[in-house]
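To start, the structure itself, in structure tokens.
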Amino acid sequence: MLRELSTILYSTNGTFTNTVDYMTAMPTLDKVIVSHGKNILKRRRNKELMESVLRTIKDKEIVRDALWRGMIEGIAFYYFESVGRPNFLQKMLSDFDVNSIAEINEFGMNASIISLPADYTEIVGIKNNSYVIAFNLDYFDIADGESAEKKLKKYPKEIRDAYNARKNRNGFTGGNWVVLDNKKTIVHKIRSSRSEKYGRPMVLAAISDILYDDYFTSTKRNILGEINNKIIYQTLPEGRDKGSCALTKKQQEEQHNTVKSAVMRKNNRGGTSFFTVSAGTKLNTLEVGNTDIFDEKYESNLGDKIALDLGIAASLLNGSSSGSYSSQENNLELLTSQIFQWIEQIQSEINKCISANIIDDNKNWVECRYLPITHVNKSKMVGYAKDLYLQGKGSLSLWASACGISPDVFFALLDQELSEDIENKYPVHKTSFTISANDNEGGRPETDNPTDRTMQSRANNGNTIPSASDNK
């Protein structure tokens with residue numbers, strides 16, 4: 001229910017929507033792949049395997065999806081499949097099939113990451129400092145318009161085999177939960193202790209304020225409706241006796257209908273309405289109560305409170321709330337540290353799965369590291385990498401990665417330019433920035449055939465001896 005409510009609020013509350021979307025998009029996910037071990041050939045091969053798998057699974061897309069699901073649902077489960085799955089050969093699809101999105105490995109590629117539904121997956125333990133999860137096989141028997149056979153094609157072999165085995169036993173023994181190999185599972189949960197089975201959605205702390213904001217907005221709409229649908233009443237002229245009317249019954253009806261018609265015509269079409277009433281007639285409007293609720297400060301305070309509950313400065317979202325530049329900068333740094341704490345967890349799980357199922361070499365292991373670079377601090381991180389390289393013993397790979405260029409692409413371009421002799425074919429322009437004083441590229445050219453006097457002057461440095469004219 002809480003995950004369902006969080007999804008609804010994500011679709012209806014702009015502050016929550018923008019916070020999740022911005023935090024998902026903020027990291028650039030530039031990465032470096034580091035190899036360890038003593039065998040150079042195996043290190044190189046394992047690094048190439050890591051790069052190939054990351055390209056195949058589209059690692060950036062998986063990391064961003066995990067961040068999004070973590071903030072919305074509090075937890076995200078994935079399965080790393082390194083064997084082929086049944087071909088999805090069906091060409092004609094129903095409306096349900098078209099509306100369903102799943103990983104279909106039609107061409108039998110060797111690596112894919114399959115998302116598991118959080119409502120049917122639970123953490124059941126920890127093994128080798130990694131979560132062990134179980135999947136509820138009843139998921140395939142739910143009557144939701146899709147057959148169990150079709151659902152099974154979208155899920156890994158381990159789950160398919162467990163379901164078929166239970167089906168062959170008629171489901172009477174063994175239970176309905178299958179414990180999955182934790183070397184093939186990825187778990188990401190936020191805002192919870194390591195011993196808790198589930199994480200907490202990001203919106204949890206803001207639910208009460210978001211619901212109050214909806215109530216506040218609804219109240220304003222009701223008051224606005226009362227203003228637009230105002231009540232006008234007419235007091236007829238009083239007669240001689242107290243409480244009597246000076247008009248006859250017929251005159252009262254005619255005046256009532258005249259005023260009513262003019263007021264209704266005015267409200268419906270606008271413009272000017274003219275009518276005549278008897279002397280002493282009064283027209284009044286029932287006034288709406290306090291309209292201070294329309295003061296913008298009340299709404300902005302609510303927006304600031306919701307943003308605070310979500311952990312983001314409201315001024316970062318709308319640019320108009322209170323807050324100085326330094327406070328915004330501090331808030332961005334806090335958000336960045338939170339995001340990369342989550343990315344570190346996802347990164348560790350992906351490395352675990354690739355190392356165990358693809359590389360399988362503990363002596364020459366490889367890891368992928370996402371650099372702490374966001375679209376906000378990118379120029380600063382590029383400066384750090386540049387200073388390290390130029391002033392100390394920095395890394396050219398780090399510098400390229402900070403610029404958003406994969407080191408492999410960067411070095412491939414350098415190799416290509418060297419092989420094609422680009423530097424000599426297209427030399428840089430000779431300016432004060434590209435030549436030094438010792439290059440002897442500017443000024444008057446030296447004489448090709450110097451005379452004896454010229455040679456003597458060069459030998460004794462005679463041109464530097466002061467002359468009498470220098471004192472004038």
Side-chain angles (χ1 to χ4, degrees), residues 22-67 111 332-333 335-337 339-351 353-355 358-359 361 364-429 431 433-434:
Y22 293 159
M23 291 181 70
T24 303
M26 190 183 297
T28 61
L29 296 181
D30 296 318
K31 59 182 178 288
V32 293
I33 298 174
V34 185
S35 58
H36 306 268
K38 297 180 179 180
N39 190 315
I40 297 176
L41 291 178
K42 287 186 176 180
R43 284 174 55 186
R44 184 180 301 167
R45 172 186 169 275
N46 293 344
K47 182 180 178 184
E48 291 173 354
L49 277 175
M50 174 69 81
E51 291 169 348
S52 176
V53 174
L54 290 175
R55 280 196 304 269
T56 301
I57 66 174
K58 297 183 179 179
D59 63 299
K60 287 188 177 183
E61 187 175 330
I62 295 299
V63 172
R64 294 195 194 281
D65 183 71
L67 288 173
L332 277 174
E333 290 177 359
L335 286 176
T336 300
S337 64
I339 292 169
F340 279 100
Q341 178 191 344
W342 296 338
I343 290 177
E344 187 177 341
Q345 184 186 25
I346 302 167
Q347 160 192 286
S348 176
E349 292 284 277
I350 293 176
N351 284 331
C353 291
I354 297 177
S355 296
I358 303 295
I359 297 175
D361 187 353
N364 301 280
W365 54 285
V366 182
E367 60 179 339
C368 169
R369 291 283 182 180
Y370 294 99
L371 301 176
I373 301 174
T374 68
H375 292 286
V376 179
N377 70 358
K378 188 169 185 176
S379 58
K380 185 185 295 185
M381 295 301 296
V382 170
Y384 291 155
K386 176 182 176 182
D387 291 342
L388 276 173
Y389 186 81
L390 297 180
Q391 299 179 15
K393 189 61 179 175
S395 167
L396 194 58
S397 297
L398 176 63
W399 194 357
S401 297
C403 294
I405 305 171
S406 168
D408 295 322
V409 173
F410 181 71
F411 292 130
L413 288 173
L414 291 181
D415 292 339
Q416 179 181 334
E417 291 179 2
L418 285 174
S419 64
E420 296 179 3
D421 198 24
I422 298 295
E423 188 170 352
N424 292 322
K425 281 184 179 179
Y426 309 102
V428 296
H429 295 158
T431 67
F433 293 99
T434 58

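Everything numeric in this text was worked out from a predicted model, so none of it was measured.
- With sequence neighbours excluded, the residues forming a side-chain hydrogen bond (donor to acceptor under 3.5 Å, both in side chains) with Ser35 are Arg43, listed by chain and number.
- Residue pairs meeting the ring-ring contact (aromatic ring centres under 6.0 Å, His included) criterion with at least one partner in residues 30-56, sequence neighbours excluded, are His36-Trp365.
- At a threshold of 4.5 Å between non-hydrogen side-chain atoms, the residues Ile373 and Leu29 do not count as touching.
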Start with the C-alpha gap between Trp342 and Met23, add the side-chain angles, then the distance that decides, and say whether side-chain contact (heavy atoms from CB on, under 4.5 Å) holds. CA-CA 11 Å; Trp342 296 338; Met23 291 181 70; 3.9 Å; yes
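- In summary, the side chains of Asn377 and Thr374 do present a donor paired with an acceptor at a separation below 3.5 Å, with no hydrogens or angles considered.
- When all heavy atoms of Ala402 and Val382 are compared, the pair lying nearest together is O-CG2, 3.3 Å.
- Atoms NZ and OG, from Lys47 and Ser52 in turn, are 14.0 Å apart once rounded to the nearest 0.5 Å.
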In a table with atom names and distances, give each donor-acceptor pair under 3.5 Å that connects a side chain of residues 383-400 to protein atoms at least two apart or in another chain.
{"residue": "Ser395", "atom": "OG", "partner": "Ser397", "partner atom": "N", "Å": "3.1"}
{"residue": "Ser395", "atom": "OG", "partner": "Leu398", "partner atom": "N", "Å": "3.1"}

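- Residue Glu344 places its CD atom among 12 or fewer non-hydrogen atoms of other residues, nucleotides or ligands, all under 6.0 Å distant.
- For the pair Val53 and Asp59, the minimum side-chain heavy-atom distance is 4.5 Å or more.
- Under a cut-off of 6.0 angstrom, the local environment of NZ in Lys378 is crowded, with over 12 non-hydrogen atoms contributed by other residues, nucleotides or ligands.
- Counting heavy atoms from C-beta outward, Ser401 and Lys31 have side chains that stay 4.5 Å or more apart.
- Here the CZ atom belonging to Arg45 is positioned 7.5 Å from the CG atom belonging to Asp361, to the nearest 0.5 angstrom.
- Here Leu371 contributes atom CG and Thr28 contributes atom OG1; the two are 7.5 Å apart, rounded to the nearest 0.5 Å.
- Other residues, nucleotides and ligands contribute at most 12 non-hydrogen atoms within 6.0 Å of the CD1 atom of Ile40.
- Atom CD in Glu61 sits 10.5 Å away from atom CD1 in Ile57 (nearest 0.5 Å).
- For Leu332, the side-chain contact (heavy atoms from CB on, under 4.5 Å) partners at least two apart in sequence or on another chain are Met26, Leu316, Val376.
- A donor-acceptor pair is defined here as one N or O able to donate and one able to accept, closer than 3.5 Å; such a pair exists between the side chain of Ser419 and the backbone of Asp415.
- By the 4.5 Å heavy-atom criterion applied to side chains, Val366 and Ile33 are counted as neighbours.
- Taken to the nearest 0.5 Å, the CZ atom of Phe340 stands 10.0 Å off from the CD atom of Gln347.
- Taking 4.5 Å as the limit, every side-chain heavy atom of Ser406 sits out of range of all side-chain heavy atoms of Phe410.
- Residue Asn46 holds its CG atom at 8.5 Å from OG of Ser355, rounded to the nearest 0.5 Å.
- Panel note: side chain Asn351, backbone Cys368; a donor-acceptor pair is recorded below 3.5 Å.
- Under the side-chain hydrogen bond (donor to acceptor under 3.5 Å, both in side chains) criterion, Asn424 pairs with Asp421, sequence neighbours left out.
- The side-chain contact (heavy atoms from CB on, under 4.5 Å) search around Asp65 returns Arg69, Tyr78, not counting sequence neighbours.
- In this structure, Arg369 pairs ionically with Glu367, as a charged nitrogen and a carboxylate oxygen lie closer than 4.0 Å.
- Counting heavy atoms from C-beta on, the side chains of Leu54 and Ile350 come closer than 4.5 Å.
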